[in-house]
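Please read these numbers as outputs of a predicted model, since none were measured by experiment.
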Amino acid sequence: MRRALPGALSPVLFFAAAMAAPFVLSNQYYVSVMTLCAINALIVLGLNLLLGFAGQISLGHAAFFGIGAYASAILTTTYAWPIWAGMLAGVCLAAAVAWLIGVPALKLHGHYLAMATLGFGVIVQIALNETTWLTGGPSGFVGVPRLTLFGYTFASDRSYYFLCAGTLALAVALSRNLIASRTGRALRAIHTSEGAATAMGVHTSRYKLFVFILSAVYAAVAGVLYAHYLGFVAPASFGFHFSVQLITMVVLGGMASIWGAVAGAAFLTSLPEFLRALENIDILVYGLVLVLCMIYLPGGLAGGAAKLAKILSNRIAGHAGRA
Amino acid sequence: MRRAILFLPLVLVFLAGRALAGDTIKIGAVLSVTGPASFLGEPEKNTISMLQEAINARGGLLGKKLEVVFYDDETDVNKAVLAAEKLLKRDEVVAAMGGTTSGNTLAIMGKFAAAGIPLVSLASAEKITSPADPFVFKVAPSDRHAVQKILDHARAKGYKKLAIVTVSDGFGQAGREALKELIAAGGFELAADEVYGPKDTDMTAQLTKIKELPHDAVICWGTNPGPAVIARNRVQIGLTTPMYMSHGVASKKFIELAGEAAEGLLLPAGQLIVAGQLPDGQPQKKLLLDYTRQYQEKFGGQVSTFGGHGYDSLSLIARAIETAGSDKPQAIRDALEKITAYPGVGGVFTMSPADHNGLSARDFVMVAIEKGDWKIVAE
Amino acid sequence: MFGGLLQYVISGLTVGSAYGLTALGFTMIFNTTGVINFAQGEFVMLGGMMSVMLHQAGLNLPAAVILAVAAATAVGAAVERLAIRPVRRATAINLVIVTIGVSICLRGLAMLAWGKDTLRLPNFSGAAPLPVFGASLMPQSLWVLGVTLLILLGLRLFFSRSIHGKGMLACAYQRKAAYLVGISVERMAMLSFALSAATGAVGGAILAPLTMTSYDVGVMLGLKGFAAAVLGGLGNPFGAAAGGLILGVLESLGAGYVSSAYKDALAFIILLVLLFVKPSGLFGRKSAERV
């Protein structure tokens, strides 16, 4: 049944469902939660291309998120650039930094790569903290304007949510195309065995760099959306802690799964909202959920859903067989 | 007809809900009860819930029950923003308190201002109330007043070259900016400008550097535990110049952590920690002693200035509601701005359209630590 | 001037010992099980916090520390049994997420049980600083350096002399082969968790008088410890300890001579450059990539 669904249709369906969501929600407050879910999903989507498909870890992706957010915030606020220009500059800056750090870092493997990206993330956060004259320092940067594109300001939360969900749907479609392409096959080959991929004539370092920059661009776009949504950015949001959370979202959603990335981000972003009723022990339950998910759903949410679908279809097939 | 009866409970519940809503005044609170700033947020929450009970015990406000809706932002900006959204859209509060930290306040204050709901912040950064937004107030004293108090003392002692060591978080940043500005303006010389991280556990490097430079006194700006480490490192490396701390460590916890090394340190503090030593006519004295006793009876542990911010935020809003005779947000805002000579824990508040903090350097008192306790220093 | 330099080195070595002991724990677990244990910093926290709690409950200092280390060791073994063993066949990244979950749980438990305050343990022996060539040294720093050396020595003996140590080394070289020659890989895994929890807890206890402790000190130590372990060349316990000391001294010198605001950034920049020049850490073996 799942296979029967034409692949190209599912982003459209997802888009439709995401667009309909605010109209069925009981409280408009949830729209803000969903906006943050969409923004996080965008970063996780990019990180999943890097980690899930190409097998390269990054413990510093919060930095690209932060670079996009801060660059756009500072350029549009302090220097009064038009917002589209600030956005573009933020994304380009993140891409340029990703290129600079990616060239030497991607020569490293496994834990050494993790360490290098972690170090990069720490350095960026300290820079955001200490360049007070530019970034406003640890207490944050205030007064970022709401996003305006082509003369339309996304003033209401609902319109902003549509913008974020739309961007996410676009990113999903783009990622699916990428994965199905020659590049996608090359990335998976690198994940399985870099040596074998090289032997088969795959230009591994170039592909790795490409996907690293692409994932940084996803993160920076999310950062831009985030800054112009909140109207405020502070270095604490872009630290090591958030980088680790992003990795957790990728793995919990399901490695090498586009929908898993979206589900993982949405699940972990909204989980604290559900756990709030537990008051003091919410943080404990959060940790426990992580451990239990990994024990019982090693393939993440996506893997779990696939397994469930398989069991169900077997059941149905079994019934059909008996009948 | 039978079917219609089924709807009756629903209608009743609906009516009851309406009736209840009419009898309560809902005030929101976004506090950092967990996470790095929990040492501020926890006493704040304790104090606010204690004051809420006290207000309801004496009949509520305007004959209505006071309900405080608490949200913990876990010292996370995103969660603070979500909590603010919830207060505005789901709980529909008439006024709010928070955030605990300057960053979180700066992140949420725009939302309250736009919604026309008065917000009383518990954080200290000057950016919160200058320029004054009509709907944003704060109860924590401004850093510049504390700095002023220190510099007045330093001038009286004849110190010229001052070294500063500040923490690299929102509190330390605000302090560092105020220090650098006022040290220059006051004709002092900045001998050294050192920084440490909020999680750092050893500051001998910074102090050694200061020790090797000519200076008359050191000013340290941070909240626990950093300054306690600095006090101990100072003794360890034999740095003998006088040291000032900020009002951020004005709690017994600091003396406990720094131990012997706290002896002789100077700091500007609110009146709370020296309430017992105040003259009897002091307007805050009774309030401070009562608050200290009640807090310790209920929660154990020591009172802190931060819990005092919680007390002041709710007490000011309650006062505004009573003087306005209304629980409409606009009326509360107008009344908040008119509060004059109102004694709180942090000082005696006098608000005005230009001053949404209402405190001054007079609300600080210079204290020294002697034999493990606070001692008011003669002016 | 020389006094200043010496002071920076002394404080760097003391802080570095904490990084080193945490890094040591990372390495032991990584060697035996292939897991990067992100809960390593929490073991350090447990050592410090439990020492303080037991001491406040009326135990004398040595007993409190010993009991705290024993309890942390038990927690380490329990973590392996309850959280790691059920997923031992999972991929490395899944295991990392498990340890992140565990660290969140341990931190949450500590917060609920002991509160959010920063706490202090009394000095083991006196608080009067000792003068050393124009610098000064806390007696507790001597304890820290001495105990760190003792632990290193003990581990060296353990790995080279005892059957369990050799078993763990065998697991480090080739887990499957170790299993085939009759070594209980599961028991070795549990032992490695217990041992690194003990190492971390000792670190937490001996540092608590100097640096104080609270429920959330594990986060920063975990990060720095991991950095130190990689710097030393992951897989080499003595490299890890050296990595920790180097990182501590770098930070301290950076704060002293360059800028205290950028000291952490500076340490990490040097670390990055080292990694780019020597991609398998300072003391790491060059491992041939299997194709």
* List the steps, then state whether side-chain contact (heavy atoms from CB on, under 4.5 Å) holds for Leu271(C) with Met115(A). => CA-CA 9 Å; Leu271(C) 218 155; Met115(A) 180 61 236; 4.0 Å; yes

* Structure fact -> Applying a strict 4.5 Å limit to non-hydrogen atoms, the region of Leu275(C) in contact with chain A is both

* To do: Measure Ala83(C) against the heavy atoms of chain A and call it side chain, backbone, both or neither at under 4.5 Å.
  => both

* Between Ile269(C) and chain A, which part of the residue has a heavy atom less than 4.5 Å away: side chain, backbone, both or neither? -> both

* Structure fact -> Per-residue tally against chain A (heavy atom, under 4.5 Å) across Val96(C), Leu95(C), Ile36(C) peaks at Ile36(C)

* Sort out for me which of Val291(A), Leu290(A), Leu284(A), Asn129(A) touches chain C most, counting heavy-atom pairs under 4.5 Å. => Leu284(A)

* Structure fact -> From the list Ile283(A), Val250(A), Leu252(A), Val285(A), the residue making the most non-hydrogen contacts under 4.5 Å with chain C is Ile283(A)

* Over all heavy atoms of both residues, which pair between Phe226(C) and Ala114(A) is shortest? Give the atoms and the distance, please. => CZ-CB, 4.4 Å

* Can you tell which part of Leu272(C) gets under 4.5 Å to a heavy atom of chain A, answering side chain, backbone, both or neither? => side chain

* Nearest atoms (heavy-atom pairs only) where Ile97(C) meets Thr248(A) -> CD1-CA, 3.6 Å

* Answer yes or no: is there a side-chain heavy-atom contact under 4.5 Å between Ile247(A) and Ile93(C)? => yes

* Structure fact -> Checked Ala199(A), Gly300(A), Ala116(A) vs chain C; the most non-hydrogen pairs under 4.5 Å come from Ala116(A)

* Begin with the C-alpha distance, continue with both residues' side-chain angles, and end with the deciding distance and a verdict on side-chain contact (heavy atoms from CB on, under 4.5 Å) for Val251(A) and Thr91(C). => CA-CA 10 Å; Val251(A) 179; Thr91(C) 55; over 6 Å; no

* Option in Leu106(C), Leu82(C), Val87(C), Asn94(C) with maximal non-hydrogen atom pairs under 4.5 Å from chain A -> Asn94(C)

* Asked: Relative to each other, are the rings of Phe30(C) and His111(A) parallel, tilted or perpendicular (30° and 60° limits)?
  -> perpendicular

* Specify the closest pair of heavy atoms between Cys105(C) and Gly287(A), including all atoms of both residues, with the distance to one decimal. => SG-C, 3.5 Å

* Under the 3.5 angstrom rule, does the side chain of Tyr112(A) hit a backbone N or O of Leu234(C) as a donor-acceptor pair? -> yes

* Asked: Could you state the interatomic distance from OG1 (Thr131(A)) to OH (Tyr262(C)), rounded to the nearest 0.5 Å?
  -> 5.5 Å

* Asked: Looking at Leu113(A), Leu118(A), Ile295(A), which has the largest count of heavy-atom pairs under 4.5 Å with chain C?
  -> Ile295(A)

* To do: To the nearest 0.5 Å, tell me how far Ile104(C) CD1 sits from Tyr286(A) OH.
  => 5.5 Å

